[in-house]
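A quick write-up on the structure given underneath.
Within every chain, numbering begins at 1; the chains are lettered A, B, ... in the order of the sequence lines, protein sequences first and strands thereafter.
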Amino acid sequence: MARFPQAFYARPAREVAVALLGKRLVRLLDGRRVAGIIVETEAYCDADEPDLACHGDRANQGRPTARSEIMFGPAGFAYVYFTYGMHWMFNVVTGREGKANAVLVRALEPFEGEEIIAQNRPGRRRREWTNGPARLAQALAIDKSLNGANLFAPDGVLWVEEGWTVRPEAVCVGPRVGLGQTPEPWFSMPWRFWLSGNPFVSI
DNA sequence: AGCACGATTAACT
DNA sequence: GTTAATCGTGCTC
C-alpha cells in the first residue's frame, strides 16, 4: 500500500482533516507495522484564516516559536508536541509553507500490530488503547523524536495510506475539544471531525 | 530567573 | 463528577 504524497497534505487543514478519516496511520517499529484507522481529527488554522486556538497563531503574535516552527513549514511533516507535563500529541502539517496549519489526530481504531499496541498500553482494555490523542501517541510510540518527521519519504517510519471507504454522510462535525481559555469565535468553530458511531472516538 | 498554564489522562469519590 | 500528575514552552520581570 502506497504512502500518500506531499500533495495530499498541501491543502487547507479542514479539507485534510476530513480526508484523513478512514485512512490508515502506519508506524514502523523494529520493522513491524503498527497501524490504526483514523476515526477522529481536528483542524488548526484553516488555510490563511487566523485561529487563536492554534499554537502557531496564539503565541508570539502569529510568528514561529521554537515549538511551533514545524507548523509553519511545508506540508506532509509531523508536528509532535508535549503537554500537561506527560503527553505527546501528533499532528500532520497541512496547507502552505509560511502559515501555521495542521491537523491533530485524536483517535484511531486499532488495525495492525495489535500485540505491539497492547504492549505500549499495558493494563488497558482494547477500547482504551487509541481513543484519545495522547493514548494513540503512546500506542504507536510517537514522541519528540518524530517531531518534523517526513510522512511521504519512502524510507520514513510514519505515514498515512489508504484504509476504509468513508461515505460523506458518515462524517460528523462539531466544536474542538479542550480549548480552555480560547476566545470566541474559535472556541466554538466546528473544526472537529469524526466517524459516526465509531467506538474509538474520544468523546 | 521565575511563573502560569496546557489541543490530556487516570485514578479517585 | 472531581482532581492530581508533571514539565516544556512562552511570557514577564
Side-chain angles (χ1 to χ4, degrees), chain A residues 9 12-18 20-21 25 36 38-47 49-73 75 77-95 99-108 110 117-149 158 172-194 199-203:
Chain A
Y9 304 98
R14 269 147 64 196
E15 194 177 324
V16 178
V18 173
L20 281 171
L21 293 176
L25 178 65
I38 297 172
V39 299
E40 182 184 353
T41 59
E42 282 179 358
Y44 285 86
C45 298
D46 189 61
E49 297 173 45
D51 176 8
L52 268 291
C54 176
H55 294 162
D57 281 354
R58 191 165 61 203
N60 199 21
Q61 302 176 333
R63 301 170 62 85
T65 64
R67 176 171 71 162
S68 68
E69 64 175 344
I70 293 290
M71 266 203 300
F72 287 83
F77 292 81
Y79 168 48
V80 181
Y81 72 91
F82 184 68
T83 192
Y84 291 106
M86 64 194 90
H87 299 309
W88 297 98
M89 306 282 166
F90 167 68
N91 304 248
V92 302
V93 176
T94 61
K99 176 70 173 71
N101 210 291
V103 173
L104 171 69
V105 177
R106 286 192 55 89
L108 305 174
I117 294 178
Q119 287 173 23
N120 291 339
R121 299 282 297 142
R124 307 311 195 301
R125 293 192 303 271
R126 184 173 185 270
R127 177 83 169 240
E128 293 165 358
W129 283 352
T130 51
N131 62 333
R135 291 168 176 172
L136 75 86
Q138 189 178 21
L140 269 55
I142 295 173
D143 63 15
K144 185 189 187 88
S145 69
L146 287 174
N147 190 36
L158 183 65
C172 297
V173 178
R176 295 172 291 182
V177 179
L179 297 193
Q181 309 304 313
T182 299
E184 295 289 1
W186 300 285
F187 185 84
S188 300
M189 293 301 268
W191 291 352
R192 172 172 172 255
F193 307 92
W194 68 95
F200 291 90
V201 171
S202 68
I203 294 181

Once you round it to whole Å, what is the distance between C1' of B:dA10 and OH of A:Y84?
14 Å
Kindly say if A:H55 contacts the phosphate of B:dA7, meaning a side-chain N or O under 4.0 Å from OP1 or OP2.
yes
For B:dA10, does either OP1 or OP2 sit under 4.0 Å from a side-chain N or O belonging to A:R135?
yes
Rounded off to whole Å, could you give me the CZ-to-P distance for the A:R58 and B:dG6 pair?
7 Å
Please determine whether a side-chain nitrogen or oxygen atom of A:R67 lies at a distance below 4.0 Å from atom OP1 or OP2 of B:dG6.
no
Between A:N131 and A:R135, a side-chain donor and acceptor under 3.5 Å
yes
If you measure from the Lys or Arg side-chain nitrogens to the Asp or Glu carboxylate oxygens, is any gap between A:K99 and A:D46 under 4.0 Å?
no
Does A:G85 or A:K144 map to a spot on DNA chain C nearer the 5' end, using the closest nucleotide for each?
A:G85
What base-paired stems does DNA chain C take part in, with at least 3 consecutive Watson-Crick or G-U wobble pairs and both distances under 3.5 Å?
B:1-6 with C:7-12, B:8-12 with C:1-5
What is the separation between atom CZ on A:F82 and atom P on C:dG8, rounded to the nearest whole Å?
6 Å
A:Y81 OH - B:dG6 P separation (whole Å)
11 Å
Would you mind reading off the distance between A:F90 atom CZ and B:dA7 atom P, rounded to a whole angstrom?
17 Å
